[in-house]
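What follows is one structure encoded as structure tokens, with my remarks underneath.
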Amino acid sequence: MTNLHRHAPLRVALVGLGTVGGGVIRLLETNGDLIARRAGCPIQVVAISARDRNKDRGVDLSRYEWVDDMTTLAARDDVDVVVELIGGSDGPALTLARQCLAAGKPFVTANKAMLAHHGLDLARVAEQGGIALKYEAAVAGGIPVIKGMREGAAANEISRVYGILNGTCNYILTTMEKEGRDFQEVLKEAQDLGYAEADPSFDIDGVDAAHKLTILASLAFGTELDFGAVATTGIRHVIAADIAEAAALGFRIRLVGMAQNGPEGLFQRVHPMLVPLDHPLAHVDGSLNAVVAEGNFVGRLFFQGRGAGEGPTASAVVADLIDVARDEYGDAFAMPVAALAPQHTADAGARVGRAYLRFKVQDRPGVLAEIAAATRDAGVSIESMIQRGANQADGVLVAIVTHAGEERCVRETLERLAGSDSLLDAPMVMHILD
């Protein structure tokens, strides 16, 4: 393992000069003296690379060497560590990561998609060469949850890890909650304000949160990463009426990524859930992120903070650079790759819990009886049933909260109602966080 804990500067090549890349430069310039004292040496950017050389990024780049071909950075003797902030699960980011690790160069990234898909391969190469692969910025922005899981909670058996992992979705849901507006209207506003991308599908369909959950699950349970095993549903179909019903029942709706390990296997899901008002996640608003880990000795750990943006993410990147400068790093996923257990995916249908079901139906006699019969025949016990909006031309809403039962029974209920001309839209199912 290369010893970089020295008084000579740690020389950094920075690839990607978007919001986070500019933030890294600003942070190193603003807190440079403090960082040098904590790292044991100055941390200096010596080379930069991005797609557009002429773009105004609001920071003076003239003092740094511009490199058009970022693939040359892995072989440069005057670069000690490469920071990758260009994103993407494959393509240039993955090529750069492989080149750096193969060349024995420490690699720092904020790229959760690349890690979720290729993290095992990259970790194996880093482990074989004794090279740092650091990624604190890949999950929950500035919240030190990776370090907390990998180091602070390392002595614990973690039974469950879950949380709010996407700030865009949380902003949309909490704005809908506070202002009573529907999803599409709030999404458009979020795009205008720059909180959501022009193509927001990566966020609102839960993919971004699923990438992060894949990483957290591996750290928490010592299992191999398997992004394909995450059951993923986004927030596109949450409506204002769902949020109003949830509030009336004592809940708030949040997009929750959850992973739980047990004898039946590993369960991973990203799904909008009803969160009780007395749970900390119910009070995580706006673009904040939060992660909960439950350990057998430490109990419940709760991490909360800003999950994206220039400052928080740059803070996580520079924290990784400080670790590299100190020569403080171990296996990327808290243990050697060979020690990570193969995944066995748990049967979601066997999970026991309560659920919220919402139907948009024809306003005519017999519809409630039809729904009640389907739940009865599927073995679902109804805790409450509410009908809203009678005599409306576009139908009425029926909301059901179930008693605790196996999830397969809820699924069977929907199968029994499939094709019914009483239903005007596809039903919405949200599980209730226990």
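- A donor-acceptor contact shorter than 3.5 Å is absent between the side chain of Asp205 and the backbone of Gly234.
- With a 6.0 Å cutoff to the six-membered ring centre and a 45° limit on the axis angle, Arg269 does not count as a cation-pi contact of Phe267.
- The aromatic rings of His271 and His431 sit tilted, their planes meeting at an angle between 30° and 60°.
- One finds the CD atom of Gln99 at 8.0 Å from the CE atom of Met70 (value rounded to the nearest 0.5 Å).
- Residues Gln191 and Lys188 are in side-chain contact: their nearest non-hydrogen atoms beyond the backbone lie under 4.5 Å apart.
- Within 6.0 Å of atom CG in Asp52, more than 12 heavy atoms from other residues, nucleotides or ligands are found, so the atom counts as buried in its surroundings.
- Crowding of Glu197 atom CD: a count of heavy atoms from other residues, nucleotides or ligands under 6.0 Å not exceeding 12.
- Within the 4.5 Å cutoff, no side-chain heavy atoms of Asp347 are placed close to those of Glu264.
- The cationic group of Arg150 lies under 6.0 Å from the six-membered ring centre of Tyr135 and within 45° of the ring axis, placing it in a cation-pi geometry.
- Remark: His279 NE2 is packed, more than 12 non-hydrogen atoms of other residues, nucleotides or ligands lying under 6.0 Å away.
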Q: Given salt bridge (Lys or Arg N to Asp or Glu O under 4.0 Å), test Arg252 with Glu177 step by step and report yes or no.
A: CA-CA 8 Å; Arg252 288 177 176 155; Glu177 177 184 293; 3.4 Å; yes

Q. Going through the distances and angles, do Val317 and Val108 end up as a side chain to side chain contact (heavy atoms under 4.5 Å, CB included)?
A. CA-CA 7 Å; Val317 169; Val108 174; 4.2 Å; yes

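- In this structure, the side chain of Thr413 engages the main chain of Cys409 through a donor-acceptor pair within 3.5 Å.
- Between Glu245 and Arg358, no side-chain nitrogen of the basic residue sits less than 4.0 Å from a carboxylate oxygen of the acidic one, so the salt-bridge criterion is not met.
- Of the possible donor and acceptor atoms, one in the side chain of Asp242 sits under 3.5 Å from a partner among the backbone N and O of Ile239.
- Counting only distance, with no hydrogens or angles, the side chain of Ser315 and the backbone of Gly311 share no donor-acceptor pair below 3.5 Å.
- Here the shortest heavy-atom pairing between Ala282 and Pro276 reads CB-O, 3.3 Å.
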Q: Take Arg254 and Asp285, measure what salt bridge (Lys or Arg N to Asp or Glu O under 4.0 Å) needs, and give me the verdict at the end.
A: CA-CA 9 Å; Arg254 298 289 185 266; Asp285 292 344; 3.1 Å; yes

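- The distance from the CG atom of Leu433 to the CE atom of Met273 is 5.0 Å, given to the nearest 0.5 Å.
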Q: Test side chain to side chain contact (heavy atoms under 4.5 Å, CB included) on Leu17 and Ile25 and set out the steps.
A: CA-CA 9 Å; Leu17 291 169; Ile25 290 175; 4.0 Å; yes

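- Using a distance-only test at 3.5 Å, with no hydrogens or angles considered, a donor-acceptor pair links the side chain of Glu127 to the main chain of Val337.
- Here the side chains of Arg411 and Leu414 are not in contact, with every heavy-atom distance at 4.5 Å or above.
- Side-chain contact check for Asp323 versus Lys147: some heavy-atom pair is nearer than 4.5 Å.
- If you take OG1 on Thr175 and CG on Asn170, they are separated by 9.0 Å, rounding to the nearest 0.5 Å.
- Around atom CD of Glu157, no more than 12 heavy atoms belonging to other residues, nucleotides or ligands sit under 6.0 Å away.
- Here the side chains of Glu383 and Thr402 are not in contact, with every heavy-atom distance at 4.5 Å or above.
- Thr232 places a side-chain N or O within 3.5 Å of a backbone atom of Val230 that can act as its donor or acceptor partner.
- Val292 is not listed as a side-chain neighbour of Val161, based on a closest heavy-atom distance of 4.5 Å or more.
- Panel note: side chain Asp80, backbone Arg11; a donor-acceptor pair is recorded below 3.5 Å.
- Between Asp203 and Tyr195, the closest side-chain pair of non-hydrogen atoms is not below 4.5 Å.
- The line from NE2 of His211 to CE of Met114 is 11.5 Å long, rounded to the nearest 0.5 Å.
- Rounded to the nearest 0.5 Å, atoms CD1 (Ile43) and CZ (Arg38) are 11.5 Å apart.
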Q | Glu136/Lys134 under side chain to side chain contact (heavy atoms under 4.5 Å, CB included): CA gap, chis, key distance, verdict | A | CA-CA 6 Å; Glu136 184 67 62; Lys134 302 284 288 181; over 6 Å; no

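- Across Lys112 and Ala138, no two heavy atoms sit closer than the pair CB-O, 3.3 Å.
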Q. Do Val270 and Leu213 pass the side chain to side chain contact (heavy atoms under 4.5 Å, CB included) test, and can you show the C-alpha distance, the side-chain angles, and the key distance before you say yes or no?
A. CA-CA 8 Å; Val270 172; Leu213 184 67; 4.1 Å; yes

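- Atoms SG and CZ, on Cys169 and Phe183 in that order, are 7.5 Å from each other to the nearest 0.5 Å.
- Pairing each heavy atom of Ile158 with each of Ala153, the nearest pair is CD1-CB, 4.4 Å.
- Side-chain contact between Thr168 and Pro200 is absent, with no heavy atoms from C-beta onward closer than 4.5 Å.
- Distance alone, capped at 3.5 Å, is enough to place a donor-acceptor pair between the Ser218 side chain and the Thr223 backbone.
- Lys212 and Asn289 get closest at one heavy-atom pair: NZ-OD1, 4.4 Å.
- Residues Arg26 and Val59 share a closest heavy-atom pair of NH1-CB, 3.5 Å.
- The closest donor-acceptor contact from the side chain of Asn261 to the backbone of Ser159 lies at 3.5 Å or more, if one exists at all.
- Counting only distance, with no hydrogens or angles, the side chain of Asp331 and the backbone of Phe333 share no donor-acceptor pair below 3.5 Å.
- The two residues Val186 and Arg181 make their nearest non-hydrogen contact at CG2-CB, 3.9 Å.
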